[in-house]
There are 2 protein chains.
Amino acid sequence: MNLSLAEENYLKSIFQLLDNSKERINTNSIAEKLQISAATVTDMIRKLSDKKLLNYQKYYGVHLTAAGKKMAISIIRRHRLWELFLVEKLGFKWGEVHEIAEQLEHVKSDLLVERLYNFLGRPECDPHGDPIPDESGNFPLQRAIPLSDTKVNIRLQIAGVNYHETDFLDYLDERGLLPGKKIKVNEITQFDRSMDIQMTGQKKTIHISHEVASKILVEASA
Amino acid sequence: MNLSLAEENYLKSIFQLLDNSKERINTNSIAEKLQISAATVTDMIRKLSDKKLLNYQKYYGVHLTAAGKKMAISIIRRHRLWELFLVEKLGFKWGEVHEIAEQLEHVKSDLLVERLYNFLGRPECDPHGDPIPDESGNFPLQRAIPLSDTKVNIRLQIAGVNYHETDFLDYLDERGLLPGKKIKVNEITQFDRSMDIQMTGQKKTIHISHEVASKILVEASA
DNA sequence: AGATAAATTTAGATTAGCCTAAAAATATTT
DNA sequence: AAATATTTTTAGGCTAATCTAAATTTATCT
Ligand SMILES: [Mn+2]
Ligand SMILES: [Mn+2]
Ligand SMILES: [Mn+2]
Ligand SMILES: [Mn+2]
């Protein structure tokens with residue numbers, strides 16, 4: 001099945017909106033995510049339905065078929081591999097890569113993807129800590145939790161973020177709060193749930209709001 | 001100026017057809033190169049003419065403006081950098097990369113191109129020996145000549161090819177006749193101008209036709 | 001020079017992917 | 001249960017990039 005750029009973007013967006021939990025999503029949510037009109041979405045989901053990539057029930061939204069899901073995961077895989085390539089190999093910052101990966105993800109060549117995957121060392125996560133599915137479409141287990149859900153004095157490692165706006169990524173960049181970095185929460189202010197955190201081997205503490213902490217993902221560190 | 005994929009392909013093809021020598025090229029040659037109808041070409045060159053990327057005189061063909069030439073060179077630069085990336089970094093064979101580079105060349109990001117260029121060591125040639133223009137659009141000097149134009153017993157180095165069909169590249173691949181390899185012509189058969197060549201440090205000689213020799217580019221070797 | 005051939009343009013369609021406005025269906029509120 | 005609001009679909013249109021067939025222009029041949 002050879003899909004157009006537009007079709008691929010719809011599938012990817014629908015997959016992300018379903019979010020492994022919702023049974024079906026509605027026309028308007030797709031329209032909003034892709035910043036196009038609802039009328040256009042109706043046309044396209046009808047087309048994708050004809051191609052058996054999703055199930056569409058008039059007035060009641062869509063969900064992906066197995067084939068549609070497979071395609072969506074493949075596009076996400078490509079996106080994340082390219083993002084990692086841009087950061088790891090070309091020295092881009094993590095806030096700079098999304099737009100470029102939006103283009104690169106549509107390059108059609110299975111061989112290319114597999115070679116890129118190996119070139120990058122068969123990675124499990126992209127620069128933002130998002131999981132990269134393997135060749136078969138299986139996602140690696142994610143055991144990261146929001147920093148805001150942890151307690152003080154536990155050794156943690158930054159795994160990624162669950163919010164991808166460039167401003168936020170730049171904010172973390174400036175403070176050195178990047179994936180792989182080891183940190184510890186020194187104190188949590190009960191009042192506003194803001195926290196003082198400290199990076200392993202550094203004296204200085206960093207104070208971040210609950211809002212920020214809730215967008216940083218961490219896992220237990222050895 | 002943000003060009004569509006189609007517009008970029010027209011500019012690249014027109015640049016290649018003009019070949020640094022022709023004053024102007026005609027509608028049919030573009031149609032044939034891009035495998036589309038002449039009527040479609042007329043429409044598109046009118047559009048590119050409106051955008052001041054080429055000069056078009058009805059019934060008398062086109063030639064590129066400075067702006068059009070600059071764009072064309074930029075696309076060729078991207079194409080060749082990606083081809084080199086695929087061969088050097090991802091281990092593709094030189095016959096496998098063209099189609100993928102046809103897609104990658106249209107990814108829009110100047111920063112990406114410059115980072116890729118540096119990642120590859122600011123190269124002067126793509127995997128087929130074709131010159132890669134620098135940031136300003138200047139092509140490195142090419143001093144390679146067809147193998148068929150050389151004499152016997154001169155130390156030569158393979159620089160590239162001037163024919164890019166996969167079958168031909170595979171033929172050279174099988175015989176180890178790749179860019180960088182040092183060779184010497186042992187004997188030229190007057191009758192059909194076929195030649196016996198030998199790779200430096202190897203006993204075995206390889207016999208190739210004039211046709212093949214005319215498609216291999218070589219330069220003097222130290 | 002006139003006839004014929006070839007190349008080019010014009011005219012009229014088509015498809016994908018988008019739009020707005022109006023109509024229809026569903027959901028929510030009173 | 002009506003009325004109202006929201007969501008979705010339908011209808012009709014637009015642009016980019018393509019096509020075929022017909023008309024026109026230029027080039028070549030006798
Ligand atoms: Mn991204
Ligand atoms: Mn995309
Ligand atoms: Mn190529
Ligand atoms: Mn191309």
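Note that these values count all heavy atoms, side chains included, but never hydrogens, waters or copies made by symmetry. For clarity, every value in this text was computed on a predicted model and none was experimentally measured. Every chain is numbered from 1 and lettered A, B, ... according to where its sequence line falls, protein lines coming before strand lines.
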Next item on the list: Figure out the OH/P separation between B:Y60 and C:dT9, and round it to whole Å.
Entry: 11 Å
Checklist line | Separation of D:dT8 P from A:R24 CZ (nearest whole Å) | finding: 12 Å
Check: Between D:dT6 and A:N28, is there an OP1 or OP2 to side-chain N/O distance shorter than 4.0 Å?
Finding: no
Note to self: Using a heavy-atom cut-off of 4.0 Å across all strands, would you classify B:A6 as base, sugar-phosphate, or nothing?
What the structure shows: sugar-phosphate
Check: Under 6.0 Å from the six-membered ring centre of B:Y171 and within 45° of its axis: does the NZ or CZ of B:R175 meet both?
Finding: yes
Notebook entry, point to check: Do side-chain atoms of B:S136 reach the backbone of B:D134 as a donor and acceptor pair under 3.5 angstrom?
Noted result: no
Notebook entry, point to check: For D:dC19, does OP1 or OP2 lie under 4.0 Å from any side-chain N or O of B:S37?
Noted result: yes
Note to self: When you measure from the side-chain N and O atoms of B:Y56 to the phosphate of C:dT9, is any distance below 4.0 Å, counting only OP1 and OP2?
What the structure shows: yes
Next item on the list: For A:E32 and D:dT7, give me the distance from atom CD to atom P, rounded to whole Å.
Entry: 10 Å
Next item on the list: Using atom CG of A:D43 as one end and atom P of D:dA11 as the other, report the distance to the nearest whole Å.
Entry: 11 Å
Check: Can a side chain N or O of B:Y59 be found less than 4.0 Å away from OP1 or OP2 on C:dA7?
Finding: no
Check: Whole-Å distance between D:dC19 C1' and B:L34 CG?
Finding: 15 Å
Margin query: Check whether B:F92 forms a cation-pi arrangement with A:R115 (NZ or CZ under 6.0 Å from the six-membered ring centre, at most 45° off the ring normal).
Written below: yes
Notebook entry, point to check: Across the strands shown, which category fits A:N26 at heavy-atom distances under 4.0 angstrom: base, sugar-phosphate, nothing?
Noted result: sugar-phosphate
Notebook entry, point to check: Can you check the B:Q35 CD to D:dT20 C1' distance for me, whole Å?
Noted result: 17 Å
Notebook entry, point to check: Can a donor-acceptor pair be found between the side chains of B:H106 and B:N9 at a distance below 3.5 Å?
Noted result: yes
Note to self: Is there a side-chain contact between B:K58 and the phosphate of C:dT10, meaning an N or O under 4.0 Å from OP1 or OP2?
What the structure shows: yes
Margin query: What is the distance, to the nearest angstrom, from the CD1 atom on B:I30 to the C1' atom on C:dT8?
Written below: 12 Å
Next item on the list: Counting heavy atoms from C-beta on, name the nucleotide in C:dT10, D:dT18, D:dT8 closest to the side chain of B:A39.
Entry: C:dT10
Notebook entry, point to check: In Å and rounded to the nearest 0.5 Å, what is the CZ to CD1 distance from B:F15 to B:I75?
Noted result: 10.5 Å
Margin query: It should be established whether A:T40 places a side-chain nitrogen or oxygen under 4.0 Å from OP1 or OP2 of nucleotide C:dC19.
Written below: yes
Checklist line | d(CE, A:M44; C1', C:dC19) in whole Å | finding: 14 Å
Margin query: With a 4.0 Å limit, can you tell me whether B:R46 has a side-chain N or O closer than that to the phosphate oxygens OP1/OP2 of C:dT10?
Written below: yes
